[in-house]
Amino acid sequence: MVRRIDVSGSGGVRLAAWEFADPPKRPCGAGEGGPGAVLLLHGLMGRAAHWAETARWLSGRHRAVALDQRGHGRSERPAEGPYTRDAYVADAVAAIERLELAPAVLIGHAMGALTAWQLAARRPDLVRAVVICDMRASALGAATQREWGEWFRSWPVPFATLADVRKWFAEGDPTLERPRPARGDYYAEVMAERADGWRPAFSRRQMLQARETYAHDAHWEELALVECPALVVRGPDGELGRAEAQEMVRVLPRGTYAEIPDAGHLVHYEQPEGWRRAVESFLESALPA
């Protein structure tokens, strides 16, 4: 089962956290089991529900909580933000402290992975280990912001049906080199039905604002400050190249590396079994029994 827990984030923004367990391991705030807690942080445009499968197998040994980050899922979407790195990190800190998860394992995908390692660098007392899934430490560059704006404008919204959503993101998106069925399922999770059809549940303008705050900067310095065990995970067809991933592992004081065959950017969606093996192996070695 899953239950929603509302959390007040930075600046009072209402955040929706989701605890996955069957049944939940303990009432929220009971003050037990903090060292066994995991906080899952989705990527840009994602939502906590994207972690459902991961959270369910984690819940066999850990308290597993996934957070809808500001502007995403069921969390608040303040019109003027802020959608800055500091705001996202502060929200995650608020979730850890108010749900009594510390010291927590942070598992992040893409933008969520950046939030995870920035939090670990700034508040090592709150973090036990970090999993970084397909997020670059190098600056992405201004050109990528323009490309993302063009990509958003190419979406044929509104979609008539969820089947159309799945087909376009899995096959019809001109940025794809080959069909990716899991990608269609992923984007179907972040659409909402409106009077005229299916549209994104998030503001594409706000997503560009959030991305603007990290696309232009490199993040190597904070990566080097992550003192806890850290796993860098990528797929051969993802956005994080092998050479950069291995350099990230070298820079991390206690870094390790895993590559999931036949995976792209959405590693945990495309290859869930390979993803699970890599994460479970890392947690077994990084966390004392």
Side-chain angles (χ1 to χ4, degrees), residues 2 4-19 39-52 55 65-99 106-119 122 133-136 140 144-155 157-159 165 169 183 186-194 198-217 219 239 265-266 268-269:
V2 60
R4 172 175 170 167
I5 310 166
D6 286 334
V7 174
S8 179
S10 175
V13 171
R14 181 188 51 76
L15 305 173
W18 305 85
E19 183 168 7
L39 181 66
L40 298 128
L41 300 169
H42 61 73
L44 190 71
M45 301 181 292
R47 62 183 304 175
H50 282 144
W51 290 118
V65 177
L67 181 67
D68 277 331
Q69 297 176 80
R70 63 174 58 207
H72 298 77
R74 298 292 182 87
S75 288
E76 191 175 350
R77 301 171 175 79
E80 301 306 319
Y83 294 100
T84 61
R85 288 284 79 224
D86 287 346
Y88 280 109
V89 172
D91 286 346
V93 168
I96 291 172
E97 291 182 335
R98 291 167 192 177
L99 298 180
L106 303 182
I107 298 180
H109 174 243
M111 182 191 76
L114 177 58
T115 299
W117 91 61
Q118 289 182 323
L119 194 161
R122 300 176 193 184
C133 182
D134 207 55
M135 180 62 194
R136 300 183 61 190
L140 305 178
T144 65
Q145 280 294 94
R146 294 192 296 272
E147 291 165 1
W148 269 64
E150 293 169 1
W151 179 56
F152 278 148
R153 288 189 291 273
S154 76
W155 292 14
V157 291
F159 294 93
V165 172
F169 284 100
R183 191 172 184 264
Y186 183 94
Y187 280 97
E189 291 268 6
V190 294
M191 295 291 160
E193 190 172 18
R194 311 297 187 196
W198 292 83
R199 293 179 176 273
F202 49 79
S203 161
R204 286 172 283 179
R205 176 184 62 83
Q206 290 176 349
M207 296 301 100
L208 283 175
Q209 286 179 351
R211 194 175 187 277
E212 181 79 22
T213 66
Y214 63 84
H216 300 286
D217 299 319
H219 308 284
E239 297 178 10
H265 180 57
L266 305 175
H268 53 305
Y269 250 62

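Here the structure is a predicted model, which means the values were calculated and not measured.
Under the ring pair (Phe, Tyr, Trp, His ring centres under 6.0 Å) criterion, Tyr186 pairs with His50, Tyr269, not counting sequence neighbours. For the ring pair (Phe, Tyr, Trp, His ring centres under 6.0 Å) test, no residue two or more places apart in sequence or in another chain qualifies with Trp198. With sequence neighbours excluded, the residues forming a side chain to side chain donor-acceptor pair (under 3.5 Å) with Glu97 are Arg123, listed by chain and number. The ring pair (Phe, Tyr, Trp, His ring centres under 6.0 Å) check on Phe169 picks up Trp155, Phe159, Tyr187, with sequence neighbours excluded. Listed by chain and number, the residues in a ring pair (Phe, Tyr, Trp, His ring centres under 6.0 Å) with His265 are His109 (sequence neighbours excluded).
Of the residues Gln206, Glu212, Gln209, the one that meets the side-chain hydrogen bond (donor to acceptor under 3.5 Å, both in side chains) test with Tyr83 is Gln206.
Closest non-hydrogen pair, Ala92 versus Leu119, comes out as CB-CD1, 3.4 Å. Closest approach of Gly43 to Ala110, counting heavy atoms only: CA-CB, 4.2 Å. Contact detail for Val157 and Pro200: the closest heavy-atom pair is CG1-CD, 4.0 Å. Nearest heavy-atom pair across Arg136 and Trp117 is O-CH2, 3.6 Å. Residue Arg4 comes nearest to Ala16 through the heavy atom pair NE-CB, 3.8 Å, listed as atom of the first residue, atom of the second, then distance. Across all their heavy atoms, Leu44 and Ala210 have their closest contact at CD1-CB, 3.9 Å.
Contact of the Thr115 side chain with the Leu106 side chain is not registered, since no non-hydrogen atoms from C-beta on lie closer than 4.5 Å. Proximity of Leu208 to Arg205: side-chain heavy atoms (C-beta onward) are nowhere separated by under 4.5 Å.
In this structure, a donor-acceptor pair under 3.5 Å is present between the side chains of Arg85 and Gln118.
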Please report, to 0.1 Å, the donor-acceptor pairs under 3.5 Å made by any side chain of residues 65-72, with sequence neighbours excluded.
{"residue": "Asp68", "atom": "OD1", "partner": "Ala48", "partner atom": "N", "Å": "2.7"}
{"residue": "Asp68", "atom": "OD2", "partner": "Trp18", "partner atom": "NE1", "Å": "2.9"}
{"residue": "Asp68", "atom": "OD2", "partner": "Arg74", "partner atom": "N", "Å": "2.9"}
{"residue": "Gln69", "atom": "NE2", "partner": "His42", "partner atom": "O", "Å": "2.7"}
{"residue": "Arg70", "atom": "NE", "partner": "Asp91", "partner atom": "OD2", "Å": "2.6"}
{"residue": "Arg70", "atom": "NH1", "partner": "Pro82", "partner atom": "O", "Å": "2.9"}
{"residue": "Arg70", "atom": "NH2", "partner": "Ser10", "partner atom": "O", "Å": "2.9"}
{"residue": "Arg70", "atom": "NH2", "partner": "Asp91", "partner atom": "OD1", "Å": "2.9"}
{"residue": "Arg70", "atom": "NH2", "partner": "Asp91", "partner atom": "OD2", "Å": "3.3"}
{"residue": "His72", "atom": "ND1", "partner": "Gln69", "partner atom": "O", "Å": "3.4"}
{"residue": "His72", "atom": "ND1", "partner": "Arg70", "partner atom": "O", "Å": "2.8"}
{"residue": "His72", "atom": "NE2", "partner": "Met45", "partner atom": "N", "Å": "3.1"}

